[in-house]
Each structure stands twice: as C-alpha cells, then as structure tokens.
Engineer: 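Below: one structure in structure tokens.
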2 protein chains.
Amino acid sequence: MSTQAASPQGAATQAAATQVASPEAGPPEVASSQGPAVPGVQSVHRALDLLEILAAAGGRLPMAELAARAQLPTPTVHRLLRTMVERGYLRQLPDRSYALGFRLVPLGARANAMVGANASGVLHDLVAELGETANLAVLSGDQAEYVAQAPSRYAMRMFTEVGRRVDLHSTGVGKALLAQLDDDDEALGIIRSRGLPRYTAHTVGTETALRAELRRIRERGFALDEQEQEIGVRCVAIALDPASAPGVAVSVSGPTARMTDELVERAVGLLRAAASRLAGDLRD
Amino acid sequence: MSTQAASPQGAATQAAATQVASPEAGPPEVASSQGPAVPGVQSVHRALDLLEILAAAGGRLPMAELAARAQLPTPTVHRLLRTMVERGYLRQLPDRSYALGFRLVPLGARANAMVGANASGVLHDLVAELGETANLAVLSGDQAEYVAQAPSRYAMRMFTEVGRRVDLHSTGVGKALLAQLDDDDEALGIIRSRGLPRYTAHTVGTETALRAELRRIRERGFALDEQEQEIGVRCVAIALDPASAPGVAVSVSGPTARMTDELVERAVGLLRAAASRLAGDLRD
DNA sequence: TCCCGAATTTCGTATGGTGGAATAGCCTTT
DNA sequence: AAAGGCTATTCCACCATACGAAATTCGGGA
C-alpha cells in the first residue's frame with residue numbers, strides 16, 4: 001500500500017487568490033504526525049471543499065475552475081457537483097457554471113438560530129457598552145471566518161460581513177484561536193499553508209515572533225491586534241472555552257483613536273463575560 | 001409538540017430506499033425511460049441526509065437517533081459525523097449529541113446573498129402591493145421548503161419561518177412546483193413517498209384528482225391553494241422559469257376574507273412579474 | 001465498586017468511487 | 001456556414017476507499 005495519497009485534504013480549499021508562498025512550499029507529508037489516522041470520508045471532504053471554494057469565490061464558478069482549485073480531476077468534481085445539485089445545495093446556471101444552492105439557506109438559518117439568536121444579543125450588548133463593533137468568528141480551515149457581528153454606531157467603523165475570511169496571524173480573533181490550540185506546532189502547521197503575509201509594518205512576520213505572541217496571549221488570557229491587519233485598527237479578542245465551543249472567538253475592534261488602553265481594559269472584562277455567556281449558550 | 005418525530009426520515013430520501021442490489025452485474029434497469037445513470041456519490045448523499053435530519057429535528061440529536069433515522073449502521077454514521085465535525089459543519093455537544101455547526105452560517109448567508117438580497121426586495125414589493133404575506137420556496141426532496149418571506153402587515157397573517165417544510169400536494173407552492181415537472185409520473189413518483197394526507201376537507205386526496213389539478217395549473221399558469229392546507233387560508237403560487245431556476249416558486253397567501261377573487265387576480269399578474277424578476281436575478 | 005447502554009475504534013472485505021480516455025456540446029473564429 | 005478549440009459530460013475497468021459486524025472503550029447510574 002502506497003501512502004501516496006498525500007494530497008493536503010482540507011488545505012486544498014482556497015489555493016487561489018493567495019500570494020506566492022515561499023519556494024519550499026508544497027509540504028505533502030509532515031513527518032511529525034502519523035498521518036494515516038482517521039482522515040474522515042474522502043468524498044465528503046471533497047464535497048465540502050467544493051462548497052467552500054464556491055463560497056470563497058463569491059458563489060459562482062465554472063467546473064474547470066473548481067476542479068483546478070480543488071486539485072481534482074474533472075470527472076470526480078463533476079460527479080460530486082451533480083450529487084449536490086441533485087440535492088439542491090448547488091445549482092447550475094444557464095452558462096453551466098455552478099453556484100451555491102437554495103437548500104443552504106434554511107440550513108444556515110437553522111444553524112444561526114441555534115447560536116445567532118443569543119449571540120447577536122450578546123454582541124449587541126458589547127456594542128452598547130463599548131461603542132465599538134463586536135464580532136463572532138470561527139476557525140475555518142487555515143483562516144478565521146466571521147459568523148455574526150454587531151456594528152458600532154459610529155460612522156467610522158469596521159466593515160465586516162458574515163462570511164468574510166481573514167488570516168489567523170494578523171487578526172485578533174485569529175491569534176486568539178491559534179493560542180487556543182493545544183500546542184504551537186499545531187498552530188504553526190496550520191499557519192504554514194498560507195505563510196505569514198505582512199499586511200502592515202506591525203504584522204507578526206516570523207514563526208518565532210508568532211510563538212512569542214501566542215505565549216503572551218495564553219498568559220494574559222486575551223489577544224490584541226495592534227494595527228496588524230490594517231493601519232489604524234485595534235482589536236481585542238478572546239476565544240470561548242474550548243471544552244464547550246472549540247474554535248470560536250469574540251472580538252471588539254475599532255479605530256486606534258477610540259480604542260484607548262482604558263477602553264481595551266474594559267473590553268477585556270466584558271469580552272470574558274460575553275465569551276462565557278456564549279459558551280453557555282453553545283453547551284446545551 | 002412542534003417536532004414531528006412521527007415524520008419519517010423525510011430527508012433520507014432515496015439513498016436507503018433503492019439499495020437492493022441484485023447479485024448479477026449490470027446497470028439496474030429502471031422502469032422509466034432514461035433513468036438516472038449516475039445516482040451520485042453515496043457518501044455525500046448520506047452526509048447531506050444527516051445534515052437534513054438534524055435540521056429537521058431542530059438541530060440536535062444523539063448519534064444513535066441519527067443512525068436510526070438515516071437507517072444506517074452506527075459506525076458509518078459516526079465516520080460521516082466526524083468528518084463534518086472536523087470541518088466545522090457540525091459540532092459535538094458536551095453530552096456527545098451532535099448539532100449543526102457554525103460553518104453553515106456563512107455558507108447560508110452567502111447563498112442567501114445571491115438571491116435573498118433581491119428576493120426579499122421582490123417579496124416586500126408584493127406585500128406592499130397586495131398586503132398579504134409573500135413567500136419564496138424551493139423543492140426539497142419530497143417537500144417544499146421556504147427560503148425567504150416577507151410578512152403581511154396585518155395582525156392576522158400567515159406565520160411561516162425560513163426552513164419550514166410543507167407537503168407538495170396541499171400547498172400553493174408545492175402544487176406549482178409539481179406542475180413544473182416534466183410529466184405527471186415524475187410528480188406522482190415524488191408524491192408517493194409521503195402519500196396524500198388530507199389536512200382539510202379541500203385537500204387533494206387522490207392521484208387522479210392531483211393529475212387533474214396539475215393539468216389545470218399548467219393551463220392557467222398558476223396554482224391555487226383553496227384552504228387545502230389549513231382552513232381559512234387561500235394562496236396563489238407561481239413557479240419560476242425552470243430554465244433559469246428549476247424548483248423555485250413564489251406565493252402570496254392570506255385569510256379567505258381578504259383573499260378575494262379580485263385580489264387573487266391582481267396577485268397573479270404581480271406574481272408573474274415577481275417570478276420573472278427573481279428568475280432574472282438567479283440566471284446570472 | 002460494578003453494570004449497562006451508547007459511542008468509538010478496529011479490521012477484513014467488496015462495494016462504491018476514482019480518474020484516464022473518449023464523446024458530446026458550446027461558442028468563437030475564419 | 002464550417003472548422004476549430006474549449007469545456008462539460010459519459011464510460012468503464014481497476015483498486016483504493018468506505019463499509020459495517022464485531023470488539024472495545026467510555027460515561028453515567030445504582
């Protein structure tokens with residue numbers, strides 16, 4: 001039996017639209033973990049990959065493009081797509097390209113109702129108290145994805161939408177999620193597939209720096225994004241208790257002018273409470 | 001109880017039913033002309049079944065219950081569930097039961113944005129013009145599922161929520177969707193799995209009656225629900241052009257006292273326009 | 001502590017999925 | 001119009017993959 005099934009499964013998600021990785025990219029087998037554990041069901045992973053690729057691409061792609069981005073042969077992709085079209089999770093447009101289907105709407109609504117209802121209340125409370133935009137994000141492959149938000153009432157505010165995906169090393173929620181992982185090697189493994197692109201002069205740009213940053217986050221119990229994603233934006237984030245809600249984090253972010261140290265300090269306390277309320281909602 | 005445990009695994013549609021594989025090779029000869037040569041990918045169908053069962057059950061079930069409803073052995077279900085948990089489409093609660101995961105939220109939001117944005121505008125216009133609740137529904141297995149709605153401003157109004165599923169033979173959208181299918185045999189085939197339960201004295205209760213009803217719908221170009229689902233409720237529905245959006249229908253419904261023939265007549269014109277606008281949005 | 005039911009893991013098997021190659025459709029080009 | 005190039009779709013033989021019976025572990029009650 002050849003272990004040549006060395007295709008980076010979940011990572012194949014959105015290979016495109018990213019900057020060139022370092023020359024040594026393409027790390028099929030990492031010796032550290034004994035890979036052949038329980039990878040899950042191949043076809044299901046691939047089907048989900050396709051859904052995510054579509055979502056990341058704005059919801060519409062021709063099959064060839066899907067096949068290329070998923071790094072799969074076209075007949076395989078075609079078969080998976082047909083299965084999901086048949087079920088209404090995808091639809092095929094007149095020009096034969098594929099788009100997200102309607103069946104996803106009620107599913108998402110249902111999933112949202114299980115958290116979203118309370119979650120948006122919690123987020124709104126944060127905004128009421130602090131005045132700045134509050135977000136709920138989840139770990140999604142090698143990025144973080146926003147699942148709910150309450151906008152600040154200031155005109156000058158963060159503009160994020162549900163579904164937006166951001167890098168883990170350069171954002172508050174991302175770093176909070178990374179720090180939540182058991183060990184740094186796991187975190188770095190996830191990071192490596194995308195590298196550490198620098199968005200601003202403050203972005204954490206090396207693995208060593210990231211290690212130190214994660215250590216600091218664990219010590220003080222919250223993550224800070226000091227203009228690392230975008231100049232002028234400061235953000236505080238806390239991950240929920242991983243026992244009840246692994247891979248979920250809340251954050252508050254706003255312009256540096258308003259996000260004073262004093263506000264950040266208040267935010268930390270409120271975020272702790274919010275994280276605990278949210279985790280409680282998710283537990284049962 | 002709102003949760004109809006009695007309802008069979010409506011989601012586990014075809015997967016389990018047609019499993020009888022005869023020992024001798026060769027394609028299973030199908031009764032109808034060109035049968036589905038490609039049934040799709042089994043594992044993906046099963047994974048989707050599980051998602052739908054969970055959604056139908058209110059979003060939370062223990063594994064044994066899922067296995068029972070999907071009519072699959074537990075190890076198989078476990079493997080599928082783990083795959084989806086790993087990806088964030090499901091989560092496992094502390095009591096080990098499974099629930100819909102966060103990753104569904106942005107997916108649903110994205111899918112919604114591709115139609116919902118314009119769709120809800122179109123639906124609201126209908127409400128503004130007619131005063132009665134407008135709905136958008138899609139064919140979902142052997143039922144219809146609401147994906148968007150704009151509520152009437154009257155206190156006495158339909159209460160439907162996104163994700164609600166209704167039978168095809170007893171509702172306006174359902175009948176419009178059935179009439180949209182190529183031939184009656186296909187429609188009746190879908191219907192047979194659930195039968196023709198009578199909700200009121202007006203419900204279409206026989207296949208013969210349904211055939212006649214579908215014929216009438218095709219002739220006049222719209223479907224009427226004359227208190228067939230619920231006494232006192234009248235509904236007009238039109239399916240979108242199947243070339244651009246197969247399996248999608250719009251409807252307007254309200255109490256018989258307000259849904260006069262005159263209003264229905266006006267509604268038909270407006271629904272035609274709405275269906276055309278919606279189909280246009282979905283085309284590209 | 002032991003017990004019982006449910007969840008999880010193991011592992012040999014054959015079923016279902018895979019992907020190279022061939023075919024059919026579509027749209028642009030000349 | 002006809003030819004050309006491109007993409008989607010279908011076919012099919014192989015074998016890797018997912019399957020599921022049985023064994024094992026886990027957790028919660030008595």
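Convention: sequence-line order gives letters A, B, ...; per-chain numbering from 1.
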Engineer: Take the protein atom CG of A/L61 and the nucleotide atom C1' of D/dT7, then report the distance between them rounded to whole Å.
Structural biologist: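 Atom-to-atom, A/L61 to D/dT7, this comes out as 14 Å.
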
Engineer: What is the distance, rounded to the nearest whole Å, between atom NE2 of B/H45 and atom P of D/dA18?
Structural biologist: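 To the nearest whole Å, that distance equals 16 Å.
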
Engineer: Does A/E186 have any side chain to side chain donor-acceptor pair (under 3.5 Å) partners at least two apart in sequence or in another chain, and if so, which?
Structural biologist: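 A/E186 satisfies side chain to side chain donor-acceptor pair (under 3.5 Å) with no other residue.
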
Engineer: Measure the distance from CG on B/L81 to P on D/dA18 and round it to the nearest whole Å.
Structural biologist: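 The answer, rounded to whole Å, is 15 Å.
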
Engineer: Taking salt bridge (charged side-chain N to carboxylate O under 4.0 Å, His left out) as the test, write out the residues that go with A/R272, two or more places apart.
Structural biologist: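 Residues passing salt bridge (charged side-chain N to carboxylate O under 4.0 Å, His left out) with A/R272: none at all.
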
Engineer: Taking atom types as modelled and ignoring hydrogens, do the side chains of B/Y89 and A/E52 form a donor-acceptor contact shorter than 3.5 angstrom?
Structural biologist: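 Their side chains do contain a donor-acceptor pair, which is all the 3.5 Å distance test asks for.
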
Engineer: May I have the distance from A/M63 (atom CE) to C/dG25 (atom C1'), rounded to whole angstrom?
Structural biologist: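 Checked: the CE to C1' distance equals 13 Å.
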
Engineer: Looking at residues at least two apart in the chain, or sitting in another chain, which of them share a side chain to side chain donor-acceptor pair (under 3.5 Å) with A/Q180?
Structural biologist: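 Result, side chain to side chain donor-acceptor pair (under 3.5 Å) vs A/Q180: none returned.
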
Engineer: Can you find a side chain N or O atom of A/Y98 that sits less than 4.0 Å from OP1 or OP2 on D/dT9?
Structural biologist: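 Yes, A/Y98 has a side-chain N/O under 4.0 Å of OP1/OP2 on D/dT9.
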
Engineer: Determine: side-chain N/O of B/H78 to OP1/OP2 of C/dA7, distance under 4.0 Å, yes or no.
Structural biologist: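 Answer is no, no contact under 4.0 Å.
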
Engineer: B/D183: which residues meet the salt bridge (charged side-chain N to carboxylate O under 4.0 Å, His left out) condition with it, sequence neighbours left out?
Structural biologist: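 B/D183 satisfies salt bridge (charged side-chain N to carboxylate O under 4.0 Å, His left out) with no other residue.
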
Engineer: Tell me every residue that passes side chain to side chain donor-acceptor pair (under 3.5 Å) with A/R110, counting only those two or more places apart in sequence or in another chain.
Structural biologist: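 A/R110 satisfies side chain to side chain donor-acceptor pair (under 3.5 Å) with no other residue.
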
Engineer: Residues in side chain to side chain contact (heavy atoms under 4.5 Å, CB included) with B/T76, at least two apart?
Structural biologist: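 For B/T76 the side chain to side chain contact (heavy atoms under 4.5 Å, CB included) partners, ignoring immediate neighbours, are B/R46, B/P73, B/R79, B/L80.
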
Engineer: Given atom CZ of B/R82 and atom C1' of D/dA18, what is their separation to the nearest angstrom?
Structural biologist: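 Answer to the nearest Å: 16 Å.
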
Engineer: Between the protein and nucleotides 24-26 of chain D, list every N/O to N/O distance that falls short of 3.5 Å.
Structural biologist:
residue: D/dC26; atom: O3'; partner: B/R96; partner atom: NH2; Å: 3.2

Engineer: I'd like to check the salt bridge (charged side-chain N to carboxylate O under 4.0 Å, His left out) partners of B/R192; sequence neighbours left out, ordered by chain and number.
Structural biologist: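 By the salt bridge (charged side-chain N to carboxylate O under 4.0 Å, His left out) rule, B/R192 matches B/E207.
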
Engineer: Looking across every strand, which nucleic acid part, if any, lies under 4.0 Å from B/Q92 by heavy atom: base, sugar-phosphate, or nothing?
Structural biologist: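 It contacts sugar-phosphate atoms only.
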
Engineer: Is the shortest distance from a Lys or Arg side-chain nitrogen in B/R103 or A/E145 to a carboxylate oxygen in the other one below 4.0 Å?
Structural biologist: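 A salt bridge links B/R103 with A/E145.
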
Engineer: For B/R218, which residues count as a side chain to side chain contact (heavy atoms under 4.5 Å, CB included) partner, sequence neighbours excluded?
Structural biologist: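 By the side chain to side chain contact (heavy atoms under 4.5 Å, CB included) rule, B/R218 matches B/A179, B/D184, B/L214.
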
Engineer: Between N or O atoms, less than 3.5 Å apart, protein on one side and nucleotides 18-24 of chain C on the other: list the pairs.
Structural biologist:
residue: C/dT18; atom: OP1; partner: A/Q42; partner atom: OE1; Å: 3.4
residue: C/dT18; atom: OP1; partner: A/R46; partner atom: NH1; Å: 3.2
residue: C/dT18; atom: OP2; partner: A/R79; partner atom: NH1; Å: 2.6
residue: C/dG19; atom: OP2; partner: A/R46; partner atom: NH1; Å: 3.4
residue: C/dG19; atom: OP2; partner: A/T76; partner atom: OG1; Å: 2.8
residue: C/dG19; atom: N7; partner: A/R79; partner atom: NH2; Å: 3.0

Engineer: I need the CG-C1' distance between A/L90 and D/dA8, as an integer number of Å.
Structural biologist: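 In whole Å, D/dA8 C1' lies 16 Å from A/L90 CG.
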
Engineer: Applying salt bridge (charged side-chain N to carboxylate O under 4.0 Å, His left out), name anything that partners A/R215, two or more places apart in sequence or on another chain.
Structural biologist: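 So A/R215 forms a salt bridge (charged side-chain N to carboxylate O under 4.0 Å, His left out) with A/E219.
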
Engineer: Please give the angle, rounded to 10 degrees, between the axes at the start and the end of the helix from C/dT1-D/dA30 to C/dT30-D/dA1, where five pairs define each axis.
Structural biologist: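 The end axes of the helix from C/dT1-D/dA30 to C/dT30-D/dA1 are about 50° apart, to the nearest 10°.
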
